[in-house]
Number of protein chains: 2
Amino acid sequence: MVSIKDVAKAAGVSVTTVSRVMNNRGYIGKETRKKVENAMRELDYQPNQIARALLKNQSFVIGIIVPDLSHPLFSELINWIEAYASEKDYKLLVCNSLQNAEKETNYISMLRKNRVDGIIMCSHNLDVEEYRNVAMPIVSFDRILSSTIPYVASDNYRGGEVATNHLIEKGCNKLLHISGPLDYELLPNRRSDAFQLTCMKSGIDCKIIQGAHVKATFEDNWNFIDREIASHLTDYDGIFCSNDFMAYTLYVYASKKGIKVPEQLKIIGYDYHSFTRMLRNPSLTTIKQPLDRIGKRLSSLLINQIEDNDLDRNNTVFDVELIQGDTT
Amino acid sequence: MVSIKDVAKAAGVSVTTVSRVMNNRGYIGKETRKKVENAMRELDYQPNQIARALLKNQSFVIGIIVPDLSHPLFSELINWIEAYASEKDYKLLVCNSLQNAEKETNYISMLRKNRVDGIIMCSHNLDVEEYRNVAMPIVSFDRILSSTIPYVASDNYRGGEVATNHLIEKGCNKLLHISGPLDYELLPNRRSDAFQLTCMKSGIDCKIIQGAHVKATFEDNWNFIDREIASHLTDYDGIFCSNDFMAYTLYVYASKKGIKVPEQLKIIGYDYHSFTRMLRNPSLTTIKQPLDRIGKRLSSLLINQIEDNDLDRNNTVFDVELIQGDTT
DNA sequence: TGTATTTATGAAAACGTTTGACATAATATG
DNA sequence: CATATTATGTCAAACGTTTTCATAAATACA
């Protein structure tokens, strides 16, 4: 590959001068600049960013770890993160933890070895201390890792509250909530807290069943419903699902069993990612997380940290929005 | 950050020795090895891959350019590519061209500057010569770039044929095909060729309308149908859409207009990505591209090229599969 | 004219690795 | 005992940049 030396030789100047032309530093003669620029063009010179990164100790790469690359929630998030990051000249190294703790550890270590400038953690399979030891700018999506690691999330509590109240307002008396796994202390668990408290406040019968997994296929969800919910499905007149896939599967299941939605059973989901936006038969009532803002915020928060400018570095919680669909 | 020098100092040996321990080269005393390993552990030493990359002229990073990161076709593809690449210790730098020629050019140049080991091109907004000048291992998805750049695709012609014949077998007489943009010479255009030829062979009336865009939302598709198709929708009894989103939108449109699917109108799509796999109301009849195999193949083809081993380097075309859904 | 300032350029060190060329000690071979 | 082999380790160059320092020429100022 052609290096700065080749350019220097071709232009008849020193490498210093070439570097100065590239970076617009110091004084450069008009003639010299032209000679150098011509040489660069003729040789199709591509400055080696790796060398630069080594010297400056800054790679302009940020790593992102997600639990499932093919999940619309995360692919959309990555989409927005990339959009903002690339504006600021950062590139994205994507890692797919597959919800596997060992893989996640390995990815973190890999990112450290590769001297990325920072990490966006969207996958959470480790204990919080492990993230604290990373010693590198981090931001987190949907989980509090430590007081020094900013997080971004939608207002999960409010989302759960809005969803629950919506069902109640629509006349539901007996509510079920299908939550995600509640074992780790994740912010989406607040949806379930809100569900419970809101029901209590309104004096409404309610129940929570765990079972909405990120990586679940339609069949996984279907089987879960068949196993855990089916027998007392008619006991409920409103169900709040912690994600849209589960909500959609539940709709299909109920329909197939002859239960009319929304007349007999009302269903509300959570997320409103690309899948849900495309869905029209029926369209799903759901709670929208503003993935565009979340993604941009994750990037900007991380980049602020990296560049150590004293702009905003606070945890950010975005408003959610009720999307009225056909299922309530 | 702690460097090899710090480890050497802590272990009381030279940097060469530390390097030897890490890479298992040359002779190392048992005691020495232990001392070095302890020092590495104690200092939490992370060998700088950037320095390594500079020296070895190999970054173990591959770049991938897609037209839309949030599109399930590409996020699934990336998912599989990452799976295989990470097995082989390669990392993925993702780029989102947004179907914009200038952005695509910039990304290619960026990837060159960053000395990625190779590029997987899934976005095609430039003339073929531009790719030939890249001077770096490349593989391409769904487009022939040159005789030296291997491509991977599903058997688009066969897919179009299977789809068309399926409609005919189901009794359709007047067929419409909604194709993607046919301007660039892309392999998916073969679906349209196949449609036309198959109809001719069977002596069936047919028409092709361009309009299935990758980045289209439900509304975009809806408006397109409303504008271009609606008035003569009842003229057709079978429609082959070049992607599943268009097929789904069309289904919803037809239903809303009181046209019974599949009784009065049969609809078949193309892709069978995560959106379609989740869809059950109705499930879509479609042609499946094996994204898992395509993704793995793209990676392995590129890595073979990078590592210059004389394993298989041929263009690869994967069989498609008819997925029988409720819309035909 | 003399001197300070501005402009233009180059040499060399540094970033963190790997590696080929050596150096030395210990052990084996003849 | 001389020599070859094996084991262990050190030195320094190299990868492609940026940047500090030094120097030289040109210009400005008195």
Side-chain angles (χ1 to χ4, degrees), chain A residues 1-37 39-40 43-61 89 109-117 135-136, chain B residues 1-37 39-40 43-61 89 109-117 135-136:
Chain A
M1 283 242 59
V2 21
S3 85
I4 197 172
K5 283 180 194 159
D6 303 309
V7 176
K9 195 171 293 172
V13 299
S14 74
V15 295
T16 311
T17 304
V18 178
S19 172
R20 280 211 268 264
V21 169
M22 285 195 286
N23 304 333
N24 268 318
R25 291 178 73 84
Y27 302 107
I28 303 284
K30 231 180 155 185
E31 271 309 302
T32 314
R33 159 162 273 131
K34 207 166 278 176
K35 276 191 299 180
V36 170
E37 280 169 348
M40 293 203 291
L43 298 175
D44 188 23
Y45 170 61
Q46 308 280 341
N48 185 332
Q49 299 300 127
I50 295 197
R52 243 201 267 251
L54 178 61
L55 188 68
K56 307 292 252 6
N57 205 25
Q58 147 117 287
S59 60
F60 278 96
V61 174
D89 262 332
S109 154
M110 180 277 278
L111 292 173
R112 294 223 281 156
K113 290 202 240 289
N114 280 82
R115 298 297 190 269
V116 299
D117 292 340
M136 170 180 302
Chain B
M1 283 242 59
V2 22
S3 86
I4 197 172
K5 283 181 195 159
D6 304 308
V7 176
K9 194 172 295 174
V13 299
S14 74
V15 295
T16 309
T17 304
V18 178
S19 172
R20 292 237 178 84
V21 169
M22 284 195 287
N23 304 331
N24 270 318
R25 290 181 73 85
Y27 304 108
I28 302 285
K30 232 180 155 183
E31 271 310 300
T32 314
R33 157 161 276 129
K34 206 165 279 174
K35 274 191 300 180
V36 170
E37 280 169 347
M40 293 203 292
L43 298 176
D44 189 22
Y45 169 61
Q46 309 280 340
N48 186 331
Q49 299 301 126
I50 294 197
R52 241 201 268 251
L54 178 62
L55 188 68
K56 307 293 252 5
N57 204 26
Q58 146 117 285
S59 61
F60 278 97
V61 174
D89 261 332
S109 155
M110 180 277 278
L111 292 173
R112 293 223 283 157
K113 291 202 239 291
N114 280 82
R115 298 298 191 269
V116 298
D117 293 340
M136 170 180 301

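Lettering of chains follows the sequences in order, A, B, ..., and the numbering in each one begins at 1. Both backbone and side-chain heavy atoms feed into the values below; hydrogens, waters and symmetry mates do not.
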*Describe, as an angle rounded to 10 degrees, how the axis at the first end of the helix from C:dT1-D:dA30 to C:dG30-D:dC1 is tilted relative to the axis at the last end, five pairs per end.*
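About 50°, once rounded to a multiple of 10°.
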Round to a whole Å and report the spacing from [atom1] of [X] to [atom2] of [N].
{"X": "B:Lys5", "N": "C:dT18", "atom1": "NZ", "atom2": "P", "result": "13 Å"}
{"X": "B:Lys56", "N": "C:dT17", "atom1": "NZ", "atom2": "C1'", "result": "10 Å"}
{"X": "A:Arg20", "N": "C:dA8", "atom1": "CZ", "atom2": "P", "result": "11 Å"}
{"X": "B:Glu31", "N": "C:dA26", "atom1": "CD", "atom2": "P", "result": "16 Å"}

*asked:* Both B:Asn57 and B:Lys35 contact DNA chain D. Taking the nearest nucleotide for each, which residue is further toward the 5' end?
replied: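 Per heavy-atom nearest nucleotide, the more 5' residue is B:Lys35.
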*If each of B:Gly12 and B:Arg115 is mapped to the nucleotide of DNA chain D with the nearest heavy atom, which maps nearer the 5' terminus, i.e. the 5' end?*
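Whichever sits nearer the 5' end wins; that is B:Gly12.
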*Assign B:Ser3 to base, sugar-phosphate, or nothing according to its heavy-atom contacts below 4.0 angstrom with the strands shown.*
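Touches sugar-phosphate only.
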_By the 4.0 Å heavy-atom rule, please label A:Thr17 as base, sugar-phosphate, or nothing._
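Touches sugar-phosphate only.
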*Heavy-atom pair of closest approach, residues B:Arg115 and A:Val2*: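 Scanning both residues, the minimum pair turns out to be NH2-O, 4.1 Å.
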_Quick check on DNA chain C: between B:Thr16 and B:Ala51, whose nearest nucleotide comes earlier from the 5' end?_
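Its nearest nucleotide being more 5', the pick is B:Ala51.
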For the [atom1] atom of [X] and the [atom2] atom of [Y], what is their distance to the nearest 0.5 Å?
{"X": "A:Arg33", "Y": "A:Thr17", "atom1": "CZ", "atom2": "OG1", "answer": "11.0 Å"}
{"X": "B:Gln58", "Y": "B:Gln49", "atom1": "CD", "atom2": "CD", "answer": "11.0 Å"}
{"X": "A:Leu54", "Y": "A:Ser59", "atom1": "CG", "atom2": "OG", "answer": "11.5 Å"}

*asked:* Quick check: do B:Val21 and B:Thr32 have side-chain heavy atoms less than 4.5 Å from each other?
replied: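 No - every pair of side-chain heavy atoms lies 4.5 Å or more apart.
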*Is B:Met22 close to B:Tyr45 at the side-chain level, that is, under 4.5 Å between some pair of heavy atoms?*
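Yes - at least one pair of side-chain heavy atoms lies under 4.5 Å apart.
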*List the steps, then state whether side chain to side chain contact (heavy atoms under 4.5 Å, CB included) holds for B:Val36 with B:Arg20.*
CA-CA 10 Å; B:Val36 170; B:Arg20 292 237 178 84; over 6 Å; no
_Range on DNA chain D touched by chain B - first to last nucleotide, heavy-atom distance under 4.0 Å_ =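 Going 5' to 3' along DNA chain D, contacts run D:dA7 to D:dG16.
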*What residues, two or more places apart in sequence or in another chain, satisfy side-chain hydrogen bond (donor to acceptor under 3.5 Å, both in side chains) together with B:Asn114?*
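Listed in chain order: nothing, the list is empty.
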_Please enumerate all residues that pass side chain to side chain contact (heavy atoms under 4.5 Å, CB included) together with B:Asn23, with sequence neighbours excluded._
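Listed in chain order: B:Ser19, B:Arg25, B:Arg52.
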*Kindly check if the number of other-residue, nucleotide or ligand heavy atoms within 6.0 Å of NZ (B:Lys9) is above 12?*
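Counting other residues, nucleotides and ligands, NZ of B:Lys9 stays at 12 neighbours or fewer.
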*Partners passing salt bridge (Lys or Arg N to Asp or Glu O under 4.0 Å) against A:Asp44 (at least two apart in sequence or in another chain)*: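 For A:Asp44, the residues satisfying salt bridge (Lys or Arg N to Asp or Glu O under 4.0 Å) (neighbours in sequence not counted) are B:Arg112.
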*Look at B:Arg52 and C:dT18 and indicate whether a side-chain polar atom (N or O) is within less than 4.0 Å of OP1 or OP2.*
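Looking at the OP1 and OP2 atoms of C:dT18, one of them is under 4.0 Å from a side-chain N or O of B:Arg52.
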*Positions of residues 22-30 of chain B (non-hydrogen atom under 4.0 Å from DNA chain C), listed by number*: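 Residues of residues 22-30 of chain B that come under 4.0 Å of DNA chain C are, in numerical order, B:Met22, B:Asn23, B:Arg25.
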